[in-house]
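To keep things clear, I will list the structure first and then write my remarks on it.
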Amino acid sequence: MNTVLEVNNLSKSYKGFSLRDINMTLEAGTLTGFIGPNGAGKTTTIKSILNMVNYEQGNISVFGRDSRKDEMTIKPLLGIVLENGSFYDNLTLEKMKKLIAPMFSNWDEDLYQSYQKKFQLPGKKRIKELSRGMRMKYTISLALSHGAELFIFDEPTAGLDAAVRMELMDILKELVCDHNKTVLMSTHVTQDLEKTADYLYFIFNGQILLHGAKDELKEQYAKVSGPASILTPNMASGLIGVSSTSYSFEALTDQSKELRKRMPEAVVFETPTIEEIMLYYTKEGQR
């Protein structure tokens with residue numbers, strides 16, 4: 001597979017927060033979920049990739065080119081959807097498009113109009129009159145209409161209802177499966193990635209804690225629950241983010257095979273969701 005994006009040892013410091021040694025690789029034709037709680041470093045990483053912040057250490061290459069030196073060559077190949085997209089809210093959708101389209105030599109007006117029709121976007125309506133879901137669809141239609149190869153989405157489904165979120169995730173999956181595009185999607189709404197993501201990167205407190213193929217990660221981890229009476233120090237080794245009461249406990253483990261051998265039959269092992277993996281690691285990290 002061809003490497004589309006490579007981030008090596010990226011670091012960026014703010015007062016009270018540091019992004020430390022971020023490494024990430026995206027292969028062509030994949031959808032990668034970039035997950036973590038709010039404030040974990042997702043947006044800082046994405047803004048570093050887009051040269052919107054001046055990072056202090058590391059290097060980033062996009063399509064084999066240096067993201068800083070070759071920025072003007074790379075930018076037309078990117079479809080960017082940020083959580084708070086910058087538009088002139090008093091303009092209509094059509095007038096805003098007329099400002100944006102000339103920036104791209106590969107602008108495809110027919111494709112843009114097809115997405116306007118597909119998303120049922122009212123061209124004569126002002127941007128400030130759009131619902132959050134319609135505004136996001138408009139942003140995506142712009143990103144899809146200029147020949148981009150790598151799409152970077154920062155919290156695209158935040159604040160949207162379940163039906164609109166599902167529709168947007170179907171659009172992203174279609175991009176990858178039918179058009180062989182590459183997608184990096186940061187989100188804390190991890191349910192959106194259960195069926196669509198190929199790979200996951202989990203960031204917490206400015207560091208990547210785990211990454212890999214989504215299905216392999218879900219096979220590697222197990223959610224464990226059982227009576228509190230068996231939770232001795234020996235039994236608890238290998239557990240992540242333990243929660244317990246006087247009667248029961250639950251936790252995550254990445255040592256499922258080993259624990260199954262030494263845990264009694266009263267203990268239950270279940271396949272965790274992406275959200276559960278993230279929450280248990282977050283709980284462990286907060287300690």
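Positions are given from 1 along the sequence.
No salt bridge links Lys195 with Asp170; every basic N to acidic carboxylate O contact stays at or beyond 4.0 Å.
For the pair Phe202/Ile208, no side-chain contact is recorded, criterion being any heavy-atom separation below 4.5 Å from C-beta on. Contact of the Ser18 side chain with the Ser13 side chain is registered, since non-hydrogen atoms from C-beta on lie closer than 4.5 Å. Contact check for Lys42 versus Ile203: side-chain heavy atoms found under the 4.5 Å cut-off. Glu276 is listed as a side-chain neighbour of Thr273, based on a closest heavy-atom distance under 4.5 Å. Leu150 places none of its side-chain heavy atoms less than 4.5 Å from the side chain of Lys181. Counting heavy atoms from C-beta on, the side chains of Val62 and Leu78 come closer than 4.5 Å. Contact annotation: the side chain of His146 never approaches that of Asp108 to less than 4.5 Å [non-hydrogen atoms, C-beta and beyond]. Residues Thr282 and Pro37 have side chains in contact (heavy-atom distance under 4.5 Å, counting atoms from C-beta outward).
Side chain to side chain, Lys12 and Ser48 fail the donor-acceptor criterion of an N or O pair below 3.5 Å. Defined by atom type and a distance below 3.5 Å, a donor-acceptor pair is present between the side-chain atoms of Arg260 and Ser256. In summary, the side chains of Gln220 and Glu216 do not present any donor paired with an acceptor at a separation below 3.5 Å, with no hydrogens or angles considered. No side-chain N or O of Asp21 forms a donor-acceptor pair with one of Asn9 less than 3.5 Å apart.
Remark: Phe153 engages no residue in a ring-ring contact (aromatic ring centres under 6.0 Å, His included) (not counting sequence neighbours). By the salt bridge (Lys or Arg N to Asp or Glu O under 4.0 Å) test, Lys125 is found to be paired with no residue, residues two or more places apart in sequence or in another chain being considered. Not counting sequence neighbours, Arg65 has no partner by the side-chain hydrogen bond (donor to acceptor under 3.5 Å, both in side chains) test. Checked against side-chain contact (heavy atoms from CB on, under 4.5 Å), Glu167 has the following partners two or more places apart in sequence or in another chain: Lys137. In this structure, Arg20 has no salt bridge (Lys or Arg N to Asp or Glu O under 4.0 Å) partners at least two apart in sequence or on a different chain. Taking the side-chain contact (heavy atoms from CB on, under 4.5 Å) definition, one finds that Thr232 meets it with Asn234, Met235, sequence neighbours left out. Residues satisfying the side-chain hydrogen bond (donor to acceptor under 3.5 Å, both in side chains) criterion with Ser186, sequence neighbours excluded, are Asp154. Evaluation of the salt bridge (Lys or Arg N to Asp or Glu O under 4.0 Å) rule for Glu275 yields no partner, not counting sequence neighbours. Residues passing the ring-ring contact (aromatic ring centres under 6.0 Å, His included) test with Tyr55: none are found, sequence neighbours excluded. By the side-chain contact (heavy atoms from CB on, under 4.5 Å) test, Tyr247 is found to be paired with Thr245, residues two or more places apart in sequence or in another chain being considered. Applying the side-chain contact (heavy atoms from CB on, under 4.5 Å) test to Asn180 and every residue at least two apart in sequence or in another chain returns nothing.
Val189 and Val183 end up in different hydrophobic clusters when Ile, Leu, Val, Met, Phe, Trp and Tyr side chains are linked at under 4.5 Å. Residues Leu111 and Met103 share a hydrophobic cluster, clusters being chains of Ile/Leu/Val/Met/Phe/Trp/Tyr side chains in contact below 4.5 Å.
Distance check: Arg126 CZ to Met96 CE gives 14.5 Å after rounding to the nearest 0.5 Å. To the nearest 0.5 Å, atom CE of residue Met24 and atom CD1 of residue Ile49 are 5.5 Å apart. One distance of note links CD1 of Ile80 with NZ of Lys75; it measures 5.5 Å at 0.5 Å rounding. Note that CG of Leu239 and CG of Leu252 are 9.0 Å apart. Values are rounded to the nearest 0.5 Å.
In this structure a side-chain-to-backbone donor-acceptor pair under 3.5 Å is missing from Lys223 to Thr271. Distance alone, capped at 3.5 Å, places no donor-acceptor pair between the Glu250 side chain and the Ser225 backbone. Side chain of Tyr201 to main chain of Thr25: a donor-acceptor pair is present (N/O by atom type, distance under 3.5 Å, no hydrogens or angles). Ser248 places no side-chain N or O within 3.5 Å of a backbone atom of Ser244 that could act as its donor or acceptor partner. When atom types are taken as modelled, the side chain of Asp70 and the backbone of Thr73 share no donor-acceptor pair closer than 3.5 angstrom. Using modelled atom types, no side-chain atom of Thr32 and backbone atom of Leu200 make a donor-acceptor pair closer than 3.5 Å. A donor-acceptor pair is defined here as one N or O able to donate and one able to accept, closer than 3.5 Å; such a pair exists between the side chain of Asp198 and the backbone of Leu31. A side-chain donor-acceptor contact under 3.5 Å links Thr30 to the backbone of Glu27.
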Yes or no on side chain to side chain contact (heavy atoms under 4.5 Å, CB included) for His211 and Asn23, after CA distance, side-chain angles and deciding distance?
CA-CA 10 Å; His211 66 90; Asn23 292 284; over 6 Å; no

For Ile46 and Met52: C-alpha separation, side-chain torsions, deciding distance, then whether side chain to side chain contact (heavy atoms under 4.5 Å, CB included) applies.
CA-CA 8 Å; Ile46 285 177; Met52 295 173 68; over 6 Å; no

Should Phe87 and Tyr138 be marked as a ring pair (Phe, Tyr, Trp, His ring centres under 6.0 Å) after you check the CA-CA gap, both sets of side-chain angles, and the distance that decides it?
CA-CA 11 Å; Phe87 297 118; Tyr138 176 62; 5.5 Å; yes

What do the steps show when you test Arg135 against Asp89 for salt bridge (Lys or Arg N to Asp or Glu O under 4.0 Å), and what is the final call?
CA-CA 10 Å; Arg135 186 181 178 112; Asp89 283 354; 3.2 Å; yes

Output, in order, the C-alpha distance, side-chain angles, deciding distance and verdict of side chain to side chain contact (heavy atoms under 4.5 Å, CB included) for Glu94 and Lys124.
CA-CA 6 Å; Glu94 183 63 20; Lys124 295 182 180 180; over 6 Å; no

Set out, in order, the CA-CA distance, both residues' side-chain angles and the distance that settles side-chain hydrogen bond (donor to acceptor under 3.5 Å, both in side chains) for Arg68 and Ser61, then state yes or no.
CA-CA 8 Å; Arg68 283 173 163 167; Ser61 64; over 6 Å; no

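In this structure, Lys118 places its NZ atom where more than 12 heavy-atom neighbours from other residues, nucleotides or ligands lie under 6.0 Å away. For NZ of Lys218, the number of neighbouring non-hydrogen atoms (other residues, nucleotides, ligands) closer than 6.0 Å is greater than 12. Residue-environment remark: CD (Glu109) exceeds the threshold of 12 foreign heavy atoms within 6.0 Å.
Residue Ser237 forms a side-chain hydrogen bond (donor to acceptor under 3.5 Å, both in side chains) with just one option from Gln255, Arg262, Glu258, and that option is Arg262. Screening Ile35, Leu217, Leu279 for a side-chain contact (heavy atoms from CB on, under 4.5 Å) with Ile274, the sole residue that qualifies is Ile35.
Applying the ring pair (Phe, Tyr, Trp, His ring centres under 6.0 Å) test to every pair with at least one member in residues 108-129, sequence neighbours left out, gives these pairs: Trp107-Tyr112, Tyr115-Phe119.
Taking both residues in full, the closest heavy atoms of Thr187 and Glu155 are given as CA-OE1, 3.4 Å, listed atom of the first, atom of the second, then distance.
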